Novice: 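The structure that follows is given in the form of structure tokens.
Below, read A as the first sequence line, B as the second, and so on, with proteins coming before strands; counting in each chain starts at 1. Quantities reported herein were computed from a predicted structural model and do not represent experimental measurements.
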2 protein chains.
Amino acid sequence: MGTGPVKRRVTQDDVARAANVSRSTVSLVINGRAEGQIPEETRRRVLEAVRELGYAPNVAARMLAQGSNRLIGVFTYQQRFPFETHDFLYPFLLGIERQAAVEDYNLLLFTRAPKGGRRSVFQDGVNVLGMADGAVLMGSLTDRDELRQLVAEERPFVYVGRRDVPGCAFDWVSSDYRSGAREAASYLLAHGHRSICFTGIYFTEEPYRDRLTGCMEAVAEVPGAALHIIPDHVLDDAEAMYRFITDRDATALVCTGSRILARLIERLAPFGVAIPEDLSVVALSDEGGEFPLGLQPAHVRLNSVQVGAEAVRLLVERIEGRRKEPKSVLVPCALVPGNTVATINRSDHAWSS
Amino acid sequence: MGTGPVKRRVTQDDVARAANVSRSTVSLVINGRAEGQIPEETRRRVLEAVRELGYAPNVAARMLAQGSNRLIGVFTYQQRFPFETHDFLYPFLLGIERQAAVEDYNLLLFTRAPKGGRRSVFQDGVNVLGMADGAVLMGSLTDRDELRQLVAEERPFVYVGRRDVPGCAFDWVSSDYRSGAREAASYLLAHGHRSICFTGIYFTEEPYRDRLTGCMEAVAEVPGAALHIIPDHVLDDAEAMYRFITDRDATALVCTGSRILARLIERLAPFGVAIPEDLSVVALSDEGGEFPLGLQPAHVRLNSVQVGAEAVRLLVERIEGRRKEPKSVLVPCALVPGNTVATINRSDHAWSS
DNA sequence: CGCACCAACTAACGCGCGTTAGAAAGGGGG
DNA sequence: CCCCCTTTCTAACGCGCGTTAGTTGGTGCG
């Protein structure tokens with residue numbers, strides 16, 4: 001409970017005394033509202049006192065008084081904060097940071113965890129986002145009512161990743177997973193593939209559903225083409241997966257991430273599956289990733305960094321009152337051809353006779 | 001300036017009116033100080049009103065009232081924030097985040113950049129660190145007076161990386177680069193190497209000087225052993241480097257980072273330098289890194305993540321008044337043998353006849 | 001002289017809450 | 001009836017700040 005015996009902080013009052021003006025004057029100068037109000041000479045005196053005493057505004061007080069801090073909150077529904085590179089949220093954070101710097105905002109990372117349960121913006125019934133001007137939310141959120149509640153509080157926020165909550169409109173930014181996935185599948189179809197596998201998890205969340213939808217759309221346009229969804233439990237069993245693929249005469253695979261892709265390749269290798277001769281693969285990911293054997297995975301670049309940046313841009317628009325209506329942004333993806341897709345020739349293909 | 005159109009929220013006053021008690025009573029009940037103060041019946045009435053009106057405390061007000069905002073500032077003297085994985089500050093940030101969660105503090109990242117000049121804690125004459133309860137500083141700082149000024153302000157802070165400012169004591173945490181480097185060199189010496197190269201940059205900063213010092217200490221203990229510092233400009237020129245090494249009959253190399261090591265190996269390969277047959281290498285780094293040819297670099301693990309965590313621990317001690325005296329911590333390193341160090345046999349070595 | 005006006009400031013309020021001195025009510029003993 | 005104690009509650013301050021109505025002292029104009 002040790003209430004910090006931190007030396008009493010320097011306040012505007014202290015500055016005012018030192019500069020021999022009133023506190024209001026100090027506030028005016030500090031907030032740049034000195035134009036035509038306070039003459040240069042006074043301004044200088046105040047600023048000097050500020051620097052001499054080492055004054056710094058109190059975040060809480062500022063927030064309380066008028067609600068702005070130039071602080072952007074970042075909240076993640078993941079257990080831990082997505083600093084780890086291998087976390088799929090990491091590139092978003094990268095973009096958020098970059099754009100925050102551009103927009104001249106500081107970042108408030110809500111690392112404080114709840115005692116035991118799942119992460120929530122409401123801790124002990126308190127909306128922790130309250131310390132920031134607005135917040136970027138991300139990660140997979142199980143309880144949609146939380147979003148409703150959040151909207152009701154009318155504090156600006158942007159969700160990274162499309163989230164569809166009926167009767168509840170808010171800002172979000174997402175990669176255009178659907179178009180991206182469609183493009184990936186089309187690319188494979190254009191190379192002659194007709195039986196394509198698809199890996200994907202968390203189908204309850206929009207971004208994952210969108211990936212599937214995109215693929216299905218592309219496949220539906222080509223007569224005789226089929227898409228096969230690899231069930232989760234199969235992904236963990238190398239042999240089951242090999243069976244799954246060969247049983248369906250599949251010659252291609254769309255992967256939702258480059259890490260999954262790496263695992264798949266690794267696991268299929270013992271069965272003599274060569275990429276791309278036996279199996280063509282396209283990933284949906286931010287980067288190609290590093291692969292053995294000189295493989296440069298064909299992939300649809302998701303531009304997650306840009307998504308994070310866009311989220312901040314939207315948020316700042318809202319915070320600064322330049323926009324009132326909810327808005328959503330789809331960041332386009334880009335196909336990056338690698339060397340993991342081959343033109344199919346069914347006559348001499350290993351398992352498609 | 002768009003004042004946030006945040007909807008007026010339910011306050012304790014509202015609850016008090018509804019429960020027909022005073023606001024203080026509400027506060028007491030909510031903060032659990034009702035023991036022996038407020039009878040059960042009243043307590044129940046208040047809590048009911050709370051839940052009925054959907055009251056939620058205002059974080060900012062709460063922080064303001066009790067004087068701490070449970071905020072740890074993070075400031076870096078690097079141009080950009082070390083989110084990028086390849087940034088050498090990145091692991092520190094990882095540790096900081098982790099420990100902040102443990103200590104139940106949020107993180108305030110000072111991403112706001114100065115208009116043009118070099119980064120400084122003082123922006124517009126305001127010490128931005130004041131917004132947090134305390135701060136962790138890192139990165140290479142050119143202006144040591146800034147640290148003096150900071151100490152004078154008596155605001156809690158911890159520097160990541162040893163910084164030696166005469167007549168100015170403050171908290172810092174660092175990997176024990178010196179012992180680590182000594183261990184690296186000793187390891188090579190124990191394998192029979194007598195002519196060892198050393199790469200290192202930024203010698204003006206303590207952590208880099210310490211690396212060199214450690215190596216020199218180890219070499220000095222073995223008669224006939226020599227340490228050769230590779231000048232910066234040589235590092236960029238593959239052929240010059242090859243010459244540098246062979247001219248000195250060097251059979252081993254101590255590298256300050258695993259990325260540098262990767263570059264070196266890559267550049268020496270065209271000259272037919274085999275690792276570890278021709279050249280043994282030890283890196284000072286957090287991880288071995290990913291290398292081709294199945295190389296697992298021998299390295300001295302710096303435990304930077306732990307350094308970051310330790311910094312936060314120190315800081316919180318100070319913030320919460322559990323410690324008054326300056327304190328510094330050296331986090332021990334650990335030698336991780338890989339497969340990049342060979343026992344030297346000068347008779348059949350390529351260039352050491 | 002009287003009035004209007006301006007520049008340069010300040011007093012004072014309110015943001016929502018934690019905290020504490022102390023008021024009010026009730027009860028019991030002398 | 002007075003005094004004192006306990007229980008139950010409240011008034012009021014302060015946290016640090018943004019904002020606005022208003023005050024002060026001076027100048028110009030009729």
Novice: Rounding to 10°, can you tell me the angle the first-five-pair axis of the helix from C/dC1-D/dG30 to C/dG30-D/dC1 makes with its last-five-pair axis?
Specialist: 80°

Novice: Could you work out, with side chain to side chain donor-acceptor pair (under 3.5 Å) as the rule, every residue matching B/D164, not counting sequence neighbours?
Specialist: none

Novice: For A/E310, enumerate each residue passing the side chain to side chain donor-acceptor pair (under 3.5 Å) test, keeping only those at least two apart in sequence or located in another chain.
Specialist: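 For A/E310, the residues satisfying side chain to side chain donor-acceptor pair (under 3.5 Å) (neighbours in sequence not counted) are A/R313.
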
Novice: Polar-atom pairs under 3.5 Å, protein N or O versus N or O of nucleotides 25-27 of chain C: list them with distances, or write none.
Specialist:
none

Novice: May I have the distance from B/D13 (atom CG) to C/dC15 (atom P), rounded to whole angstrom?
Specialist: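 So the CG-P distance, B/D13 to C/dC15, works out to 9 Å.
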
Novice: Measure the distance from CD on A/Q12 to P on D/dC15 and round it to the nearest whole Å.
Specialist: 13 Å

Novice: Residues in side chain to side chain donor-acceptor pair (under 3.5 Å) with A/R23, at least two apart?
Specialist: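 Residues passing side chain to side chain donor-acceptor pair (under 3.5 Å) with A/R23: A/Q12.
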
Novice: Sequence neighbours left out, what passes ring pair (Phe, Tyr, Trp, His ring centres under 6.0 Å) with B/F157? Give chain and number order.
Specialist: B/F170

Novice: Taking A/E205 first and then A/R163, would you say they form a salt bridge - that is, a charged N and a carboxylate O separated by under 4.0 Å?
Specialist: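 Salt bridge flag = yes for A/R163 with A/E205.
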
Novice: Any residue in residues 18-26 of chain A with a heavy atom nearer than 4.0 angstrom to DNA chain D? Just list them by number, or reply none.
Specialist: A/R23, A/S24

Novice: I need the OH-P distance between B/Y55 and C/dG16, as an integer number of Å.
Specialist: 10 Å

Novice: Calculate the interatomic distance between B/L28 atom CG and D/dT10 atom C1'; express it in whole Å.
Specialist: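 In whole Å, D/dT10 C1' and B/L28 CG are 10 Å from each other.
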
Novice: Hey, is A/E317 close enough to A/R323 for a salt bridge, meaning N to O under 4.0 Å?
Specialist: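 Yes.
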
Novice: With A/L141, which residues qualify under side-chain contact (heavy atoms from CB on, under 4.5 Å), at least two apart?
Specialist: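 By the side-chain contact (heavy atoms from CB on, under 4.5 Å) rule, A/L141 matches A/Y77, A/E146, A/L147, A/Y159.
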
Novice: Ignoring backbone atoms, test whether B/Q66 places a side-chain nitrogen or oxygen under 4.0 Å from the OP1 or OP2 oxygen of D/dG14.
Specialist: no

Novice: Report the distance from atom CZ of A/R155 to atom C1' of C/dG16, rounded to the nearest whole Å.
Specialist: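 Answer to the nearest Å: 13 Å.
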
Novice: Using the test side chain to side chain donor-acceptor pair (under 3.5 Å), find all partners of B/T25 that sit at least two apart in sequence or belong to another chain.
Specialist: B/S22

Novice: Looking only at the side chain of A/T42 (C-beta and beyond, no hydrogens), which of the listed nucleotides D/dC15, C/dC9, D/dC17 gets closest?
Specialist: C/dC9

Novice: Residues two or more places apart in sequence or in another chain: which of them pass salt bridge (Lys or Arg N to Asp or Glu O under 4.0 Å) with B/R51?
Specialist: none

Novice: Could you check how far CG of A/D133 sits from P of D/dG18, rounded to whole Å?
Specialist: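 That distance rounds to 13 Å.
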
Novice: At under 4.0 Å, does any side-chain N or O of A/N31 touch on OP1 or OP2 of D/dG18?
Specialist: yes

Novice: List the residues meeting side-chain contact (heavy atoms from CB on, under 4.5 Å) with B/R44, not counting sequence neighbours, and say none if there are none.
Specialist: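 side-chain contact (heavy atoms from CB on, under 4.5 Å) check on B/R44 returns B/E41, B/E48.
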
Novice: Choose from D/dG18, C/dA8, C/dG18 the nucleotide whose nearest atom is closest to any side-chain atom of A/P39.
Specialist: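 So the nucleotide nearest the side chain must be C/dA8.
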
Novice: Between B/S27 and C/dT19, is there a contact of a side-chain N or O with OP1 or OP2 at under 4.0 Å?
Specialist: no

Novice: CZ of A/R17 versus P of C/dT10: gap in Å, rounded?
Specialist: 14 Å

Novice: Nearest to the B/P57 side chain among C/dC17, D/dT10, D/dT8, which nucleotide is it?
Specialist: C/dC17

Novice: Whole angstroms only, please: what is the CD1-C1' distance between B/I30 and C/dG18?
Specialist: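 Distance, rounded to whole Å: 11 Å.
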
Novice: Quick one: is A/R62 getting a side-chain N or O under 4.0 Å of the D/dG18 phosphate, OP1 or OP2?
Specialist: yes

Novice: To the nearest 0.5 Å, what is the distance between CD1 (B/I96) and OG1 (A/T111)?
Specialist: 11.0 Å

Novice: Holding to salt bridge (Lys or Arg N to Asp or Glu O under 4.0 Å), I want the full list of residues that pass it with A/R62, two or more places apart in sequence or in another chain.
Specialist: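 Applying salt bridge (Lys or Arg N to Asp or Glu O under 4.0 Å) to A/R62 gives none.
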
